[in-house]
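As a basis for the values below, the full set of heavy atoms in this structure was taken, side chains included, without hydrogen atoms, waters or symmetry mates.
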Amino acid sequence: MKFLNKIVIIGLCLNLFGCGIYKFNQGDTGDAETFQVNFFQNNAPLIEPGLDIRFTNALQDLMVNQTNLDLVTEGGDLIFEGEIVEYRIAPMTATTGDRAAQNRLTIGVNVRYYNTLDEEKDFEQRFSFFFDYPANDQLTGGTKEAAFEEIFERITQDIFNTSLANW
């Protein structure tokens with residue numbers, strides 16, 4: 001037993017100290033010191049009021065929390081802009097009576113990223129994600145909040161990974 005305990009302790013120490021100070025959530029910001037997130041206007045065929053400002057704020061929050069960059073309103077070293085191009089609710093699965101058992105909310109965002117210090121890293125790309133919920137539920141209140149939170153978390157993290165993670 002004592003031998004097994006020593007192995008476990010050594011393994012834990014190697015795991016804890018072997019990682020050093022490397023962080024997975026801080027992207028490669030190079031020499032950049034600032035970033036800006038321009039307002040993402042909602043150009044989707046179906047308009048959800050307030051979705052544009054909520055998404056813009058979600059992207060700003062993620063960048064503030066996962067980088068050491070300062071948020072500015074103009075002249076940023078890294079610039080994110082674009083528009084919401086999709087907001088769609090569609091039935092996903094059917095019951096035996098040809099009724100929807102589950103609905104899916106899909107949100108799509110077109111993003112343009114500019115790195116003013118390294119133009120080779122600029123891109124324009126569409127990001128989207130979805131949230132499934134029971135057809136008996138209305139997309140209001142807690143269901144809507146959960147949907148937005150999950151979708152925004154995934155889309156903003158995908159934008160971060162594409163622009164700064166360099167994987």
For this session: Under the side-chain contact (heavy atoms from CB on, under 4.5 Å) rule, what do Leu71 and Met63 come out as? Steps first, then yes or no, please.
Result: CA-CA 8 Å; Leu71 174 62; Met63 292 297 296; over 6 Å; no
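- Atom-to-atom distance recorded for Gln102:CD and Asp137:CG is 10.5 Å, nearest 0.5 angstrom.
- Note that CD of Gln157 and CG of Leu59 are 10.5 Å apart. Values are rounded to the nearest 0.5 Å.
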Could you pull out all donor-acceptor pairs under 3.5 Å where a side-chain atom in residues 140-153 meets a protein atom, sequence neighbours excluded?
| residue | atom | partner | partner atom | Å |
| --- | --- | --- | --- | --- |
| Lys144 | NZ | Glu48 | OE2 | 2.6 |
| Glu145 | OE1 | Arg54 | NH2 | 2.8 |
| Glu145 | OE2 | Arg54 | NH1 | 3.3 |

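- Side-chain atoms of Arg126 and Val85, non-hydrogen and from C-beta on, do get closer than 4.5 Å to each other.
- Checking Asn115 against Glu119 by side-chain atom types alone, no donor-acceptor pair falls below 3.5 Å.
- Checked against side-chain hydrogen bond (donor to acceptor under 3.5 Å, both in side chains), Glu83 has the following partners two or more places apart in sequence or in another chain: Asn110, Arg112.
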Exercise. So Leu78 and Leu117, side-chain contact (heavy atoms from CB on, under 4.5 Å) or not? Walk me through it.
Worked result: CA-CA 8 Å; Leu78 308 178; Leu117 306 175; 5.9 Å; no
Problem set entry | CA sep, side-chain torsions, deciding dist, call: Thr156, Phe55, side-chain contact (heavy atoms from CB on, under 4.5 Å) | CA-CA 9 Å; Thr156 58; Phe55 178 78; 3.9 Å; yes
Could you pull out every donor-acceptor pair under 3.5 Å between side chains of residues 128-135 and any protein atom, sequence neighbours left out?
| residue | atom | partner | partner atom | Å |
| --- | --- | --- | --- | --- |
| Asp132 | OD1 | Arg104 | NE | 2.7 |
| Asp132 | OD2 | Arg104 | NH2 | 3.0 |

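- The hydrophobic clustering, which links ILVMFWY residues whose side-chain heavy atoms are closer than 4.5 Å, places Phe39 and Ile107 apart.
- Under the salt bridge (charged side-chain N to carboxylate O under 4.0 Å, His left out) criterion, Asp52 pairs with no residue at all, not counting sequence neighbours.
- Note: Glu86 CD to Asn43 CG = 13.0 Å, rounded to the nearest 0.5 Å.
- Taking OG1 of Thr106 as the reference point, atom CD1 of Ile89 lies at 9.5 Å (rounded to 0.5 Å).
- At least one donor-acceptor pair under 3.5 Å links the side chain of Ser163 to the backbone N or O of Phe160.
- Applying the under-4.5 Å side-chain rule to Ile, Leu, Val, Met, Phe, Trp and Tyr, the cluster around Tyr114 extends to Ile79.
- In this structure the side chain of Leu69 never reaches within 4.5 angstrom of the side chain of Thr34, judged on heavy atoms.
- For residues 62-88, every residue pair satisfying the ring-ring contact (aromatic ring centres under 6.0 Å, His included) rule, not counting sequence neighbours, is listed here: Phe80-Tyr113.
- When hydrophobic clusters are built by joining Ile, Leu, Val, Met, Phe, Trp and Tyr residues whose side-chain heavy atoms come closer than 4.5 Å, directly or via intermediates, Ile84 is not grouped with Ile47.
- Atom CG in Leu62 sits 12.5 Å away from atom CG in Asn57 (nearest 0.5 Å).
- In this view, Gln41 satisfies the side-chain hydrogen bond (donor to acceptor under 3.5 Å, both in side chains) rule with no residue, not counting sequence neighbours.
- Applying the salt bridge (charged side-chain N to carboxylate O under 4.0 Å, His left out) test to every pair with at least one member in residues 69-79, sequence neighbours left out, gives no pairs at all.
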Problem set entry | CA sep, side-chain torsions, deciding dist, call: Phe35, Val72, side-chain contact (heavy atoms from CB on, under 4.5 Å) | CA-CA 6 Å; Phe35 77 96; Val72 296; over 6 Å; no
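- Atom-to-atom distance recorded for Asn103:CG and Gln138:CD is 9.0 Å, nearest 0.5 angstrom.
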